[in-house]
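One structure below.
Residue numbering restarts at 1 for every chain, and letters A, B, ... go by the order of the sequence lines.
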Number of protein chains: 2
Amino acid sequence: MNIQFKKGVLELCVLTLLNRKDYYGYELVENISGFIMISEGTIYPLLRRFRSDGYVTTYLEESQEGPPRKYYSLTGKGRDVLIILQEEWESFVNGVNLLLRGVDDDQE
Amino acid sequence: MNIQFKKGVLELCVLTLLNRKDYYGYELVENISGFIMISEGTIYPLLRRFRSDGYVTTYLEESQEGPPRKYYSLTGKGRDVLIILQEEWESFVNGVNLLLRGVDDDQE
DNA sequence: ATTTAGTACCTTGCATAATAAGGTAGTGTG
DNA sequence: CACACTACCTTATTATGCAAGGTACTAAAT
């Protein structure tokens, strides 16, 4: 898979999932991996960024299957960013698809 | 517009346009700008990369409206890359959209 | 004649983000 | 006790988009 395509889109994916429920990092990797290739080295720095930007808050919970899990919870600010990113993603894909399909933008 | 979204996609856009006809750099910027934001500082390095990778060949032509134009012509290798990129783009957008729409990947 | 605007090319340095590759620890199984 | 799996994390590398700058040609306006 083309690495470059993912730039910025993973933010949208993670925020979208966190808008449904709280996730811990490893769980996000497993979930997103079902749709697009992703590695842990990508998600943890991204989550740290989200926390320092105030998009999420975190809390720890013990696990019976391994080390404690750090859960991420979307904030109001995070939700605002999500909405903007959703719109940007939609109009971006739209623009690209128009270009790929050969629609002539010069006509009116 | 989110800069990150563009990463890698501009290659696809430029190759797609060059597959229809030869373009000169400035013309590509003007055309693509109709669909997604782009600047000259992006396109010229990309075109240099394409040439050194053998995706395009170039030739000069005089212009009555200014300095000579450097036209870019897609090679067979460039066309092969275009086909791969098209498929990757489609499956990538598909994966992202499934995730965004909340389709449960665990079910079968 | 000189300035301005438009066309058309180019480069350098910066910012961003994904990843590979590595590390630390806990739990449970052979 | 070694191994696999879960779960967290960091660092260095890589790629690419862009702002900001530059050069040079043509044509119209001052």
**Report entry** Exercise: do A:Arg51 and A:Thr57 side chains pair donor with acceptor under 3.5 Å
**Finding:**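 Looking only at side-chain atoms, A:Thr57 and A:Arg51 do not form any donor-acceptor pair under 3.5 Å.
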Quick one: [X] [atom1] to [N] [atom2], roughly how many Å, whole number?
{"X": "A:Phe5", "N": "C:dA17", "atom1": "CZ", "atom2": "P", "result": "18 Å"}
{"X": "A:Leu60", "N": "C:dA25", "atom1": "CG", "atom2": "P", "result": "16 Å"}
{"X": "A:Ile38", "N": "C:dT19", "atom1": "CD1", "atom2": "C1'", "result": "11 Å"}
{"X": "B:Glu65", "N": "C:dG6", "atom1": "CD", "atom2": "C1'", "result": "9 Å"}
{"X": "B:Leu28", "N": "C:dC9", "atom1": "CG", "atom2": "C1'", "result": "13 Å"}
{"X": "B:Ile43", "N": "C:dC9", "atom1": "CD1", "atom2": "C1'", "result": "13 Å"}
{"X": "B:Glu62", "N": "C:dT7", "atom1": "CD", "atom2": "P", "result": "19 Å"}

Closest non-hydrogen atom pair, [X] against [Y]:
{"X": "B:Arg20", "Y": "A:Leu100", "value": "NH2-O, 2.8 Å"}
{"X": "A:Gly25", "Y": "A:Leu47", "value": "CA-CD1, 3.8 Å"}
{"X": "B:Val29", "Y": "B:Ile38", "value": "O-CG2, 3.7 Å"}
{"X": "A:Lys77", "Y": "A:Tyr55", "value": "CE-CE2, 4.1 Å"}
{"X": "B:Arg79", "Y": "B:Leu74", "value": "NH2-O, 3.3 Å"}
{"X": "B:Tyr72", "Y": "B:Leu18", "value": "O-CD2, 3.4 Å"}

Per-nt protein contacts along nucleotides 10-15 of chain C (heavy atom under 4.0 Å; B base, S backbone sugar-phosphate only, - none) come out as BB----
### Task
Look at A:Glu65 together with A:Arg69 and state whether they make a salt bridge at an N to O cut-off of under 4.0 Å.
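Looking at A:Arg69 together with A:Glu65, the answer is yes, because their closest N to O distance falls below 4.0 Å.
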Testing C:dA20, C:dA18, C:dC9 for proximity to the side chain of A:Ser39, the answer is C:dA20
- A:Pro67 or B:Pro67, whichever maps to the more 5' nucleotide of DNA chain D: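 Residue closer to the 5' terminus by nearest nucleotide: A:Pro67.
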By nearest-heavy-atom nucleotide on DNA chain D, the more 5' of B:Gln64 and B:Leu46 is B:Leu46
Short side-chain N/O contact to C:dC9 OP1/OP2 from B:Tyr26, under 4.0 Å:
no
Within less than 4.0 Å of OP1 or OP2 of C:dA17, is there a side-chain N or O belonging to A:Arg49? yes
(message) Ring-plane angle category for B:Phe5 and A:Phe92, please: parallel below 30°, perpendicular beyond 60°, tilted otherwise.
(response)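 Answer is tilted, since the angle falls between 30° and 60°.
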In the 5' to 3' direction, the nucleotides of DNA chain D bounding the stretch that comes under 4.0 Å of a heavy atom in chain A are D:dT6 to D:dT16
